[in-house]
Amino acid sequence: MERAILINIDVKGLEVVVAAQLSGDKVLSQEIIDRVDIHAANQAAFNLGEGKQGRLIAKIFKFRFIYGGSAYSYANDSDFMGVSTSEQFWQDVIDRYYEKYRGIADWHNQIVEEAKRNKRLEVPSGRYYPFNPEPSYNGFKWPITKIKNYPVQGFGADLVKLARLEAKKNLRDSGLEALLVSTIHDSIVVDTPSKNLDAVSKILLDAVESVPALCKKVWDYDFGLPLTAEIQYGHNKRDMEEYKFS
C-alpha cells in the first residue's frame with residue numbers, strides 16, 4: 001500500500017502583500033512585483049545585523065512595523081537587543097521605514113482616524129471590526145496596534161479562505177485521492193498518496209495564484225498584486241522538505 005504524504009503550501013509574505021495592497025504603497029508594491037528580497041534589502045539599509053540572524057530580525061521588524069510596533073517594544077525585546085537596546089535607535093529605524101514606505105505611513109494615519117471617527121473599519125471582503133477606546137493604566141486609549149493589525153490579519157485570512165475553497169473545488173474536480181485536512185494561518189495542508197505530489201502541488205499553487213482574480217469575481221474588488229506560495233511535503237509536519245516543480 002502506498003504511503004500517504006502531507007503537502008503544505010504557505011502563502012508567501014501574506015501580511016506584507018496585504019499591507020501593500022490596502023495601503024497602496026508604491027515602493028512596497030513595486031518590490032513585491034519585482035520579487036525583491038525585501039528583508040535582505042532592509043537588513044542592509046537599516047543596519048539590522050549580519051547574516052541569517054540579521055535577515056530574521058529584518059523580517060520580524062517588518063511585520064511588527066506593519067502592525068505599529070513601538071521603539072520601546074523593539075529596544076526591550078531579547079530578539080532585537082543584540083542589535084540595539086536604545087529606544088532612539090529603533091525610533092530612527094521606524095522613522096526611516098516610514099520615509100521609505102510613505103504609503104504605509106499615510107494609510108496608518110488614515111485608518112486610525114477612520115476608526116476613531118466611525119468606530120469601525122471594513123476590509124474589501126466586507127468583514128468589519130468595531131473599535132472603541134479601551135481601559136489602560138492611565139485612562140482609556142484607542143487600541144492603535146489593533147487598528148493597524150486587524151485589517152491586515154483579517155483580509156489576509158479572507159484571501160486564504162478563497163484559496164482554500166478554490167483548492168477544494170479543483171481537487172474534487174480532478175478526481176485525485178486527496179483530503180484537505182487543515183489550514184493554519186497562511187497555510188493549507190492536504191493529505192494524499194505520494195504519487196499525487198506533483199499534481200496536487202500544482203492545484204494548490206494555482207489556487208493561491210488565482211486569488212487576485214477571485215477577489216474580483218467574489219467581491220468585485222481589484223487586487224492588483226501577485227500572490228504565490230512555497231510548498232513543502234513529507235510524511236509528517238515535523239519532517240518536511242521543500243518542493244520545487246521540475
Side-chain angles (χ1 to χ4, degrees), residues 6-42 55 58-60 62-67 101 103-104 107 111 121-127 148-174 178 180-190 197-233 240 242-245:
L6 296 176
I7 302 176
N8 184 94
I9 185 164
D10 290 307
V11 182
K12 192 172 182 179
L14 177 64
E15 292 92 344
V16 174
V17 176
V18 172
Q21 174 67 36
L22 293 179
S23 68
D25 187 281
K26 294 181 180 179
V27 173
L28 186 55
S29 296
Q30 196 61 51
E31 288 179 332
I32 292 167
I33 292 169
D34 293 341
R35 298 187 178 185
V36 171
D37 186 337
I38 298 172
H39 306 310
N42 288 335
R55 188 182 187 282
K59 182 177 182 179
I60 299 171
K62 182 76 169 184
F63 292 129
R64 290 193 185 179
F65 165 76
I66 289 171
Y67 302 143
Y101 301 112
I104 297 286
W107 178 63
I111 60 176
L121 289 174
E122 184 172 327
V123 295
S125 61
R127 183 196 293 261
K148 295 176 180 179
N149 185 336
Y150 283 16
V152 174
Q153 292 277 18
F155 192 42
D158 293 334
L159 298 178
V160 176
K161 175 180 67 178
L162 288 183
R164 181 172 70 247
L165 292 171
E166 183 73 1
K168 183 177 181 179
K169 176 177 73 68
N170 293 340
L171 286 170
R172 180 193 63 213
D173 293 346
S174 74
L180 185 67
V181 294
S182 70
T183 57
I184 306 169
H185 186 47
D186 59 357
S187 70
I188 301 171
V189 183
V190 170
L197 174 60
D198 292 341
V200 171
S201 295
K202 181 68 165 58
I203 288 172
L204 294 177
L205 182 61
D206 286 348
V208 170
E209 293 184 342
S210 72
V211 165
L214 291 171
C215 283
K216 184 65 175 179
K217 180 180 179 181
V218 177
W219 299 317
D220 194 26
Y221 175 70
D222 293 315
F223 195 102
L225 294 173
L227 280 176
T228 190
E230 298 172 336
I231 305 172
Q232 295 177 311
Y233 68 98
M240 289 195 135
E242 183 180 3
Y243 174 81
K244 292 185 178 181
F245 290 100

Please list, chain by chain and in numerical order, all residues satisfying salt bridge (charged side-chain N to carboxylate O under 4.0 Å, His left out) with Asp37, sequence neighbours excluded. Arg55
Nearest 0.5 angstrom please: Leu227 CG to Leu14 CG, how far? 7.0 Å
Quick one: salt bridge (charged side-chain N to carboxylate O under 4.0 Å, His left out) partners of Arg164, sequence neighbours excluded? none
Quick one: does His185's side chain get under 4.5 Å of Glu15's, heavy atoms only? yes
All side chain to side chain donor-acceptor pair (under 3.5 Å) counterparts of Thr228, not counting sequence neighbours: Glu209
Can you name the nearest heavy-atom pair linking Ala163 to Ala207, along with the distance? O-CB, 3.5 Å
Residues that Arg127 engages under salt bridge (charged side-chain N to carboxylate O under 4.0 Å, His left out), provided they are two or more places apart: Asp158
Report the distance from atom CG of Leu225 to atom CG of Leu28, rounding to the nearest 0.5 Å. 8.0 Å
Residues forming a side chain to side chain donor-acceptor pair (under 3.5 Å) with Tyr233, sequence neighbours excluded: Glu241
State which residues pass side chain to side chain donor-acceptor pair (under 3.5 Å) with Asp186; sequence neighbours excluded, sorted by chain then number. none
Identify, with sequence neighbours excluded, every residue that meets side chain to side chain contact (heavy atoms under 4.5 Å, CB included) alongside Ser201. Ile7, Leu197, Ile231, Tyr243, Phe245
Check whether any side-chain heavy atom of Leu6 sits under 4.5 Å from a side-chain heavy atom of Met240, and report yes or no. yes
Using 0.5 Å steps for rounding, measure from the CD atom of Glu242 to the CD atom of Gln232. 7.5 Å
Among residues at least two apart in sequence or on other chains, which ones pass salt bridge (charged side-chain N to carboxylate O under 4.0 Å, His left out) with Glu31? Lys100
Would you say Val181 and Val190 make side-chain contact, with heavy atoms under 4.5 Å? no
Are any non-hydrogen side-chain atoms of Tyr67 and Gln153 less than 4.5 angstrom apart? yes
Could you check whether Lys202 pairs with Asp206 (Lys NZ or Arg NE/NH1/NH2 to Asp/Glu carboxylate O, under 4.0 Å)? yes
State, yes or no, whether a side-chain contact exists between Ile60 and Arg64 at a heavy-atom distance under 4.5 Å. yes
One should read off an interatomic distance between Leu171 CG and Glu166 CD, to the nearest 0.5 angstrom, of 10.0 Å
Could I get the full list of ring pair (Phe, Tyr, Trp, His ring centres under 6.0 Å) partners for Phe223, not counting sequence neighbours? none
A side-chain contact here means heavy atoms from C-beta on lying under 4.5 Å apart; do Val160 and Ser187 qualify? no
Atom pair CG/CG of Leu204 and Asp10 - distance to nearest 0.5 Å: 11.0 Å
Write out all pairs satisfying salt bridge (charged side-chain N to carboxylate O under 4.0 Å, His left out) with one or both partners inside residues 218-229, taking only residues at least two apart or from two chains. Lys216-Asp220, Lys216-Asp222
Test: Lys148 cationic atom under 6.0 Å from Phe65 six-membered ring centre, within 45° of axis: no
For Ile203 and Ala167, work out which heavy atoms get closest and say how close. CG2-O, 4.2 Å
Are Ile32 and Ile38 close enough, and set up right, to give a side-chain contact (heavy atoms from CB on, under 4.5 Å), and what steps lead you there? CA-CA 8 Å; Ile32 292 167; Ile38 298 172; 4.2 Å; yes
Shortest non-hydrogen separation from Leu22 to Pro151 and the atoms involved: CD1-O, 3.8 Å
Sorted by first residue and then second, give each side-chain hydrogen bond (donor to acceptor under 3.5 Å, both in side chains) pair with at least one member in residues 16-28; sequence neighbours left out. Gln21-Tyr221
Going by side chain to side chain donor-acceptor pair (under 3.5 Å), name the residues that satisfy it together with Ser210, two or more places apart in sequence or in a different chain. none
side-chain contact (heavy atoms from CB on, under 4.5 Å) partner of Val18, chosen from Ile66, Val123, Leu159: Leu159
